[in-house]
Amino acid sequence: TEIYTLSLHDALPISAGVLKTEVPMKSMGGFALVCALPCLWTATSFSQERDDPYSLGQPLSFWVKKLQQADTHARFDAIAAIQRLEAGAKPALPALIAMLREHQEWRVRSAAAGLIGHLKSDAKSAVPALVLAMKSDKEPRVRSAAIHALGTIGDASATEALVSLTRNDSNNGLRVQAIQALGCLNRGSKLRAQTLVYALRDGDPQVREVAAFGLDSCVEFPELSVPALAKALKDETPEVRVAAALVLSRFGSASKKTVPLLVAVLTDLDGQVRVAAATSLWQIEKDQGAMSVLVRSLDDENPSAIHGAAFELVRIGPEAKAAIPALLRGLKNKSNTVRSQCANALGAIGHDASTCVPALAKNLQDKDVWVQMSVCQALSKFSAAAKSAVPDLVATLKHDQGEVRIHAAVALWQIDKHKNAIPALIECLDDNFPKVFMDAAYALGSIGPDAKEALPALRAALLSHGEEYRETFSGAVKRIER
């Protein structure tokens, strides 16, 4: 894995102090962040005039001229200003293409490629320049930016060049990015399937892993994909075996021929691989041996294996009641994510309330807020069978985190239509955090006409909050008044 780090202090000096933030640019596992331009101005003038929109107090034509100046800092100022205009910045495209082709400073070329990609389908005329940069620029970060832009633009004319890069380039990170970009250009195409199958033979394990997961979008070509994934079940790298096992279940009847291979993988030395194989086997034919592996995996030493097993048990639901004892043990696991996912699974299964509800209620005191929220959701799925947890949920309404209070209030309403639920949600409408007051509004709207007492507070919030939140509040009002 290659990790690129661009110091914004190096890229753009600031007169009022020194910005020392560093932005990691990790090329593996996702598109690289190739251009990070901070907001360096506290005041912005923005006018959406049709012909020459304004940004940072100046028209687009001013910033386009700045792009063509020799001074690097002036060009960075122009890029930051043009980026604010989004689709309105299309007139700057010729100047950006020229920068990508000609500028000697790699940071400027990288930034230009990033801004071209920001224009998406409006930047199709830049594809030849981006392809050239991807192929021949001496700086890997510029090539990374060009690949990212090609994927964002989504023009199929770049397909051949991207395929060639996935097969021939020596840079592992860029090959991964090219595979992902091809997914944007040719999702579900035979060429994409062929390219991914070829990439499964790549010498780099992360390229093979990305290729295996990518075949998830090629279910129309099982004759290509299934044999390659079956072979990948024996890959030397566990992550590749996990990806291959999980994706095989996506191919319907064509996956059934791989069942014996998946059964063999149930004894893999790696816990996550076993869970992946069991997950696929259950989805293909509800194999009871797979269920046994998932249940046993809940006691695995690897938290990731436990989390993966619990996640699959959430999807299986009531048919996974054999897993309840192991899931209850999982509520005491050291890992926050394991405790949270085990709570989710117990709620999804929904059996044995007399045992599960007290254990879940005890975990309302968990020190992790995500666990507490998962517990609230799980208890709500037991409905009236969770009445014994009502006192603990009422106490949770005093939690210092608004999101936890909302989850507790919703659970109280779903279990008992408790009188404290709606007032607690109304109180959350005054929270300082947008996610909290928006979620509270959504929850009140979901309750419907029974939440009429919240209408005055929702109408007040509709007037007091910004334009971007009004749709949420007005939607809640409409659902209550219906």
After noting the C-alpha distance and the side-chain angles of D400 and R405, does the key distance pass the salt bridge (Lys or Arg N to Asp or Glu O under 4.0 Å) rule? CA-CA 8 Å; D400 59 352; R405 297 198 301 274; over 6 Å; no

Are Y442 and R479 close enough, and set up right, to give a side chain to side chain contact (heavy atoms under 4.5 Å, CB included), and what steps lead you there? CA-CA 10 Å; Y442 183 82; R479 290 194 297 275; 3.8 Å; yes

Would you sort out whether E481 and K478 count as a salt bridge (Lys or Arg N to Asp or Glu O under 4.0 Å), showing the intermediate values? CA-CA 5 Å; E481 290 182 333; K478 289 177 183 177; over 6 Å; no

Run the numbers on V371 and T337 for side chain to side chain contact (heavy atoms under 4.5 Å, CB included), then give the verdict. CA-CA 7 Å; V371 175; T337 57; over 6 Å; no

What's the verdict on salt bridge (Lys or Arg N to Asp or Glu O under 4.0 Å) for R241 and D268, showing C-alpha distance, side-chain angles and the deciding distance? CA-CA 10 Å; R241 301 199 298 276; D268 194 282; 3.0 Å; yes

Just do the side chain to side chain contact (heavy atoms under 4.5 Å, CB included) check on I426 and I422 with the steps written out, would you? CA-CA 6 Å; I426 293 173; I422 292 174; 3.8 Å; yes

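With hydrogens and angles disregarded, a donor-acceptor distance shorter than 3.5 Å links the side chain of S474 to the backbone of R470. Proximity of a side-chain donor or acceptor of S280 to a complementary backbone N or O of A245 within less than 3.5 Å is detected.
Between I415 and S383, every side-chain heavy-atom pair lies at or beyond the 4.5 Å cut-off. Considering only heavy atoms from C-beta on, I147 comes within 4.5 Å of L165 through its side chain. Contact annotation: the side chain of L200 never approaches that of L196 to less than 4.5 Å [non-hydrogen atoms, C-beta and beyond]. Under the 4.5 Å side-chain criterion, counting only non-hydrogen atoms from C-beta, Q272 is in contact with N302. Side-chain atoms of K286 and I316, non-hydrogen and from C-beta on, never get closer than 4.5 Å to each other. Side-chain contact between N336 and W370 is absent, with no heavy atoms from C-beta onward closer than 4.5 Å. Two residues are said to be in side-chain contact when any heavy atoms from C-beta on lie closer than 4.5 Å; R274 and V265 fail this criterion. Side-chain atoms of S340 and D368, non-hydrogen and from C-beta on, never get closer than 4.5 Å to each other.
Around atom CG of L463, more than 12 heavy atoms belonging to other residues, nucleotides or ligands sit under 6.0 Å away. By the neighbour-count criterion of 12 heavy atoms within 6.0 Å, atom CD of E468 is densely surrounded, having more than that number from other residues, nucleotides or ligands. Heavy-atom neighbours of E453 CD from other residues, nucleotides or ligands within 6.0 Å: above the threshold of 12. E427 CD: 12 or fewer foreign heavy atoms inside a 6.0 Å radius.
In this structure, D430 has no salt bridge (charged side-chain N to carboxylate O under 4.0 Å, His left out) partners at least two apart in sequence or on a different chain.
Among D169, D202, D204, the single residue meeting the salt bridge (charged side-chain N to carboxylate O under 4.0 Å, His left out) criterion with R175 is D202.
For the pair K362 and D392, the salt-bridge criterion is not met [side-chain N within less than 4.0 Å of a carboxylate O]. A salt bridge is defined here as a Lys NZ or Arg NE, NH1 or NH2 lying under 4.0 Å from an Asp or Glu carboxylate O, and D450 with K417 meets this definition.
Across all non-hydrogen atoms, the minimal contact from A230 to L261 is CB-CD1, 3.7 Å. Residues R250 and S255 share a closest heavy-atom pair of N-OG, 4.4 Å. For the pair N171 and P140, the tightest heavy-atom approach, listed with the atom from each and the gap, is ND2-CB, 4.3 Å. The nearest pair of heavy atoms linking H351 to K321 is CD2-CB, 3.8 Å. Shortest non-hydrogen contact noted between L313 and A345 is CB-CB, 4.3 Å. Nearest heavy atoms, Q372 versus L364: NE2-O, 3.0 Å.
A donor and an acceptor atom, one from each side chain of E209 and T237, are nowhere located under 3.5 Å apart. Between the side chains of S157 and D155, at least one donor N or O lies within less than 3.5 Å of an accepting N or O. Donor-acceptor pairing under 3.5 Å is recorded for the side chains of S217 and R192. Side-chain N/O atoms of T355 and D352 include a donor and acceptor closer than 3.5 Å.
Between H307 and F311, the ring-plane angle classifies as parallel under the 30° and 60° cut-offs.
For the pair R459 and F473, the cation does not sit on the ring face, since its NZ or CZ is not both under 6.0 Å from the ring centre and inside 45° of the axis.
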